[in-house]
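Have a look at the structure below, then the notes.
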Amino acid sequence: MSRRIKIFDTTLRDGEQSPGCSMNISEKLKMAEQLEKLGVDIIESGFAISSPGDFASVKGIASVVKKATVASLARCLKKDIDTAYEAVKHAVHPRIHVFLATSEVHMKYKLKMSREEVIAQIREMVAYAKSLCDDIEFSPEDGSRTDPDFLVEAVQAAVDSGATTINIPDTTGYAVPEEFAELIKKVRSEVKGIENVDISVHCHNDLGLATACTLAAIKAGATQVECTINGIGERAGNTALEEVVMNLKTRSEYYDAETGMDTSQIMKSSRMLSRITGVNVQPNKAIVGENAFAHEAGIHQHGVLANRSTYEIMTPESVGLTSNMMVLGKHSGKHALQDRLSALGYKVDGDELNELFNEFKVLADRQKCVSDNDLVALVHKSEVKVPEKYIVDSFVINAGNTISTTCQMKLRTDDGRILQTVVASKYGPVDASYKAINQLVNGESFELEEFMIDAVTGGTDAQGAVKVKIRANGRSYNGYGLGLDIVAAAINAYVSAINNMVYDEMLLENGETDV
Ligand code: KIV
Ligand code: ZN
């Protein structure tokens, strides 16, 4: 019987640490729900002590996730462990993930601790965490650059003190697959009692070897792997979940191992993360890139038409991509839309379907046919909806290359007030409208950090997708707008980012996380 490998997803912790990938509480909750649908075994939902926002997200995720284990990271310190436990304690399956560096370079320069002190702290803090929670993971940080004999000693201390998972991190992405596999074998053969705990690996991609090292470790006996959607994470990122999972599925006989993932949810998870963070994957990214299943060369197309297995080692359907045989247009009905969405992995019904159908009709009226990309963009637009403090009521823009642009902007607030102003700008419609919005919400303080605009499909009638990031109080907030009119999309994106910020700050102020 093949071994069952546990998937520990750290998109919301290590992944979120990568530049540009920060998420607010509502976005993290949405992502956590999707990770459950994908079937991950453990969701590392944050580093509870690192900020009030992280604490609130971990606590919120712990209260909504039912099947997966919910973990919080903690340094090997009592206050970290207490805070992590406080955040996860109401989860159905809580876990505290404690780490302490064990490499010479980290002990000498970062921790300023001797080997003996490190071992004593592991013993004391793992035992303390165990007194609060049954499920304890311990990571000797920079494990791959640790003296292997000392690594065994550190792991032994953690196992003796009650750790139930031992994670060997390749913190700096330095490991070579064969060498890393040997290290896992050494830990497996020399640590007493290791057969009763999971051995996990956590690899970074600095040399592009994260997935290779992770798979080599599985071959060598690891039973848990740590990874992120789209491979996001510190510096060059972490092992990409989709790569490990599809390797195990495609080469299951070689690895003699399997996961419990519903792989048809992979594309949806990848797109959701890109949509939320505004960070797209490169087109040639394995499994989830735009070109991963596209055959361009004539000789390849010929082969695939004759028999798909000539150039395809896995089917697009297995990761949630479907080939569209039916064209949706303005004569298509609600059922056709629902069927197509369901083939794309989105189960939509009731009010949500009605709302999408209305938007679909507007789009189909203006575009000849509505593509899968258009549909996915429409669904994602309404994905992370927070209560709106500000609503765009109307705007009028007067622009041209011989006049300075003016924008007349009217916003409605959730308590029924109408705010309006007129603003001029020499930099065009987006600048004029953003200045007008700034004036109207002048009680809020933030700055625009990023603005991106993308066409969903080709053609001048394509929908424009606008992503913005604003920054306030050291946190970033995303906003998303979609529409045939790109200025309207830009305005909606900006207002949605402001609403995200206002809602997140309100949650933090009230200490509310069960949203
Ligand atoms: O890369 C690393 O070592 C980590 C640990 C905290 C597991 O992220
Ligand atoms: Zn890491």
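Predicted, not measured: the structure shown is a model, and the values here were computed from it. Atoms within a ligand are numbered from 1 in the order they appear, just like the ligands themselves.
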Original post:
Would you say Ser139 and ligand 1 have an N/O pair spaced under 3.5 Å apart?
Top reply: no
**OP:** For this output row, return yes or no: ring centroids of His90 and Tyr85 closer than 6.0 angstrom.
**Re:** no
Original post:
Do the charged groups of Asp135 and Arg95 touch, with an N to O distance under 4.0 Å?
Top reply: yes
Original post:
Between Tyr494 and Tyr434, what is the ring plane arrangement, given parallel below 30°, perpendicular above 60°, and tilted in between?
Top reply: parallel
Original post:
Protein N, O or S atoms at less than 2.8 Å from the Zn ion (ligand 2), how many?
Top reply: 3
**OP:** Would you kindly say whether Asn238 and Glu234 are connected by a side-chain donor-acceptor distance under 3.5 Å?
**Re:** no
**OP:** Say whether Arg13 and ligand 1 are in contact under the criterion: heavy-atom distance to a ligand atom below 4.0 Å.
**Re:** yes
**OP:** Give the numbers and elements of all ligand 1 atoms closer than 4.0 Å to a heavy atom of Glu141.
**Re:** 3 (O)
Original post:
Can you check whether Val386's main-chain N or O pairs, donor with acceptor, with Ser26's side chain at less than 3.5 Å?
Top reply: no
**OP:** Decide whether Ser2 and Asp256 meet the rule of one side-chain donor and one side-chain acceptor closer than 3.5 Å.
**Re:** no
**OP:** Determine, considering heavy atoms only, which of His106, His202, Glu44, Arg75 sits nearest to atom 2 (C) of ligand 1.
**Re:** His202
Subject >> N-O pairing of Glu86 and Lys89 below 4.0 Å >> reply: yes
Original post:
Should you measure from each heavy atom of Pro169, which atoms of ligand 1 turn up under 4.0 Å away?
Top reply: 3 (O)
**OP:** Decide, yes or no, whether a salt bridge links Glu449 with Arg471 under the criterion of side-chain N to carboxylate O below 4.0 Å.
**Re:** yes
Subject >> Ligand-residue contact atoms, ligand 1 with His204, heavy atoms, under 4.0 Å >> reply: 1 (O)
Subject >> Thr171 N/O under 3.5 Å from ligand 1 N/O >> reply: yes
Original post:
Ion pair present between Arg13 and Asp54, side-chain N to carboxylate O less than 4.0 angstrom?
Top reply: no
